[in-house]
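A short worksheet on the structure shown next.
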There are 2 protein chains.
Amino acid sequence: MEILPERTVERLSHYRRVLSKLLEINKEYIYSHEIAKLLHITPVQVRRDLMLIGHSGTLRKGYRIRELISLIGTIIDNPEKYKVAIVGFGKLGHALLNYLTENESNLHLVALFDTNPEKIGTTNNNVICYSVDRIPEIIKRYKIDMALLTLPPQFAQLTANQLVESGVKGIINYTSSILSIEGAFLEQYDMIASLEKVAYFTKPEFYL
Amino acid sequence: MEILPERTVERLSHYRRVLSKLLEINKEYIYSHEIAKLLHITPVQVRRDLMLIGHSGTLRKGYRIRELISLIGTIIDNPEKYKVAIVGFGKLGHALLNYLTENESNLHLVALFDTNPEKIGTTNNNVICYSVDRIPEIIKRYKIDMALLTLPPQFAQLTANQLVESGVKGIINYTSSILSIEGAFLEQYDMIASLEKVAYFTKPEFYL
DNA sequence: TCTAAACTGTTATTGAAGTAACAAGTAAAA
DNA sequence: TTTTACTTGTTACTTCAATAACAGTTTAGA
């Protein structure tokens with residue numbers, strides 16, 4: 001299978017989430033325009049995404065929801081769950097912990113890391129918080145795939161290097177520091193930049 | 001001035017942040033390739049962004065840092081600070097509160113909203129937490145421009161409608177529910193989709 | 001049985017974002 | 001003073017994502 005566009009992967013995640021809810025209320029088939037309406041996108045985009053993952057619907061009946069969910073699973077999930085660590089157990093780290101434990105997903109949160117002695121050694125939602133000194137050891141031992149960086153920006157690059165050296169293959173950087181890493185997929189999410197962007201577009205001269 | 005591309009606006013925010021640090025250590029001029037290196041982008045992109053905002057550098061000397069910072073300010077800031085509210089004062093809301101009060105910026109956090117009676121009426125980093133019932137009243141009274149949604153997804157759409165009706169012009173939706181709004185700029189940030197995307201790209205067959 | 005409406009699947013087009021190429025001009029060195 | 005190296009500013013090109021257009025097929029109804 002070809003590598004999918006990033007945007008398509010994001011939408012697959014959305015598709016699966018809304019379809020799962022529909023499955024629960026025993027809906028069996030769904031049209032592309034119904035999916036589109038739920039996500040506020042166009043029907044063409046839905047069909048195109050499904051084409052890319054090689055899913056076929058039934059003419060004039062739409063897509064079999066159960067089948068589609070399962071196909072999306074084979075594409076964006078792993079046979080085993082992805083193992084995730086949160087580095088920096090502050091407010092944001094805690095929020096992410098909640099997201100990960102509340103939402104059923106293919107991600108398995110395995111470890112937390114922090115520098116605060118009061119946090120180290122505690123168990124939160126069944127996940128242990130380790131000292132950041134033990135990053136290489138724990139990452140390797142549990143074969144952790146992904147890390148979420150929510151620590152103070154000045155430590156972000158150094159920590160990212162350590163993580164990648166220890167085998168992490170995906171990083172989401174929530175700090176305001178800009179990282180460069182090789183050998184792993186990096187996603188930056190800068191809250192301040194995002195806030196300032198939205199602020200810019202709230203200027204009255206831009207309303208449509 | 002023409003409306004700027006979204007990505008350019010985001011980068012302007014980054015430029016300003018790193019340039020401010022350089023100004024503090026008394027650096028006066030900077031080359032496009034120096035900025036590029038700091039942000040891990042290409043020099044061309046820097047020059048192109050600066051061209052778009054109409055900034056001129058000095059040949060073979062680069063850009064005057066002080067001037068550039070001030071120009072970026074006139075573009076992405078308002079004469080008055082943007083007024084911001086956080087709706088849903090949980091862990092993520094708290095994290096955003098910290099971001100906004102720790103980082104010097106053109107955003108002024110004016111109000112928090114929650115449903116929890118224990119939180120309502122409290123003051124956090126000098127910001128009062130109100131009941132969500134008072135959204136229309138408070139938004140109008142303080143002329144709030146932007147809102148950050150960090151409440152449970154099932155209330156997101158309803159609340160967003162209220163906010164826009166009360167005059168909010170920009171919304172960042174951190175909930176997993178997909179919103180549709182008219183008359184305001186909307187930015188969705190879906191943590192789960194973002195996690196699943198990164199997970200997808202950590203698959204071994206995609207390493208470069 | 002035939003016709004029309006409805007929906008899928010795919011290709012072509014448009015649009016946005018990023019990259020490359022290069023002309024023009026200046027400072028420093030010869 | 002002349003030459004060379006370097007850096008900006010801008011246009012042209014490429015790549016990625018979204019939208020439009022339409023061919024093909026099935027079902028329902030006449």
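Below, chain A is the first sequence line, B the second, and so on; all start at residue 1.
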Task: Nucleic acid contacts of residues 4-20 of chain A, taken as heavy-atom distances under 4.0 Å to DNA chain D - done: P5(A), E6(A), R7(A), R11(A)
Task: Test log, rule ring-ring contact (aromatic ring centres under 6.0 Å, His included), inputs F89(A) and F113(A) - done: CA-CA 6 Å; F89(A) 190 47; F113(A) 293 98; over 10 Å; no
- [ ] Just grab all the salt bridge (charged side-chain N to carboxylate O under 4.0 Å, His left out) pairs involving residues 170-195 of chain A, residues at least two apart or on different chains.
- [x] E187(A)-K197(B), D190(A)-R17(B)
- [ ] Identify, with sequence neighbours excluded, every residue that meets ring-ring contact (aromatic ring centres under 6.0 Å, His included) alongside Y142(A).
- [x] none
- [ ] For T115(B), check side-chain contact (heavy atoms from CB on, under 4.5 Å) against everything at least two apart and list the hits.
- [x] V132(B)
Task: All pairs passing side-chain hydrogen bond (donor to acceptor under 3.5 Å, both in side chains) where residues 74-99 of chain B contributes a residue, at least two apart - done: R16(B)-D77(B)
Open item on the list: For chain A and DNA chain C, what are the first and last nucleotides along the strand, 5' to 3', with at least one atom under 4.0 angstrom from a heavy atom of the protein chain?
Closed with: dA5(C) to dA12(C)
TODO: Please collect all salt bridge (charged side-chain N to carboxylate O under 4.0 Å, His left out) contacts where either partner lies in residues 46-57 of chain B, sequence neighbours excluded, each pair once.
DONE: R11(B)-D49(B)
Open item on the list: Regarding N103(B) and S105(B), do their side chains bring together a donor and an acceptor under 3.5 Å, going by distance alone?
Closed with: no
Task: chain B contact limits on DNA chain D, taken 5' to 3' with a cut-off of 4.0 angstrom to heavy atoms - done: dA5(D) to dA12(D)
- [ ] Under the salt bridge (Lys or Arg N to Asp or Glu O under 4.0 Å) rule, collect the residues that match up with K27(A), sequence neighbours excluded.
- [x] E34(A)
Identify every side-chain donor-acceptor pair in residues 59-73 of chain A under 3.5 Å, counting partners at least two apart or on other chains, and give the distances.
unit_1, atom_1, unit_2, atom_2, d
R64(A), NH1, E28(A), OE2, 3.0

Task: Residue whose nearest DNA chain D nucleotide is more 5′ - L59(B) or L59(A) - done: L59(B)
Task: Salt-bridge contact E137(A)-R134(A) (side-chain N to carboxylate O under 4.0 Å) - done: yes
Task: Given DNA chain D, 5'-ward residue of the pair T58(A) and H55(B), judged by closest heavy atom - done: H55(B)
Open item on the list: Quick check on contacts: within residues 30-48 of chain B, what sits under 4.0 Å from DNA chain C by heavy-atom distance?
Closed with: T42(B), V44(B), Q45(B), R47(B), R48(B)
- [ ] Identify, with sequence neighbours excluded, every residue that meets salt bridge (Lys or Arg N to Asp or Glu O under 4.0 Å) alongside E165(B).
- [x] none
Open item on the list: When you compare the side chain of S32(B) with that of V44(B), does any pair of heavy atoms fall below 4.5 Å?
Closed with: no
- [ ] Grab the two heavy atoms, one from F155(B) and one from T159(B), that are nearest each other, plus how far apart they are.
- [x] O-OG1, 2.6 Å
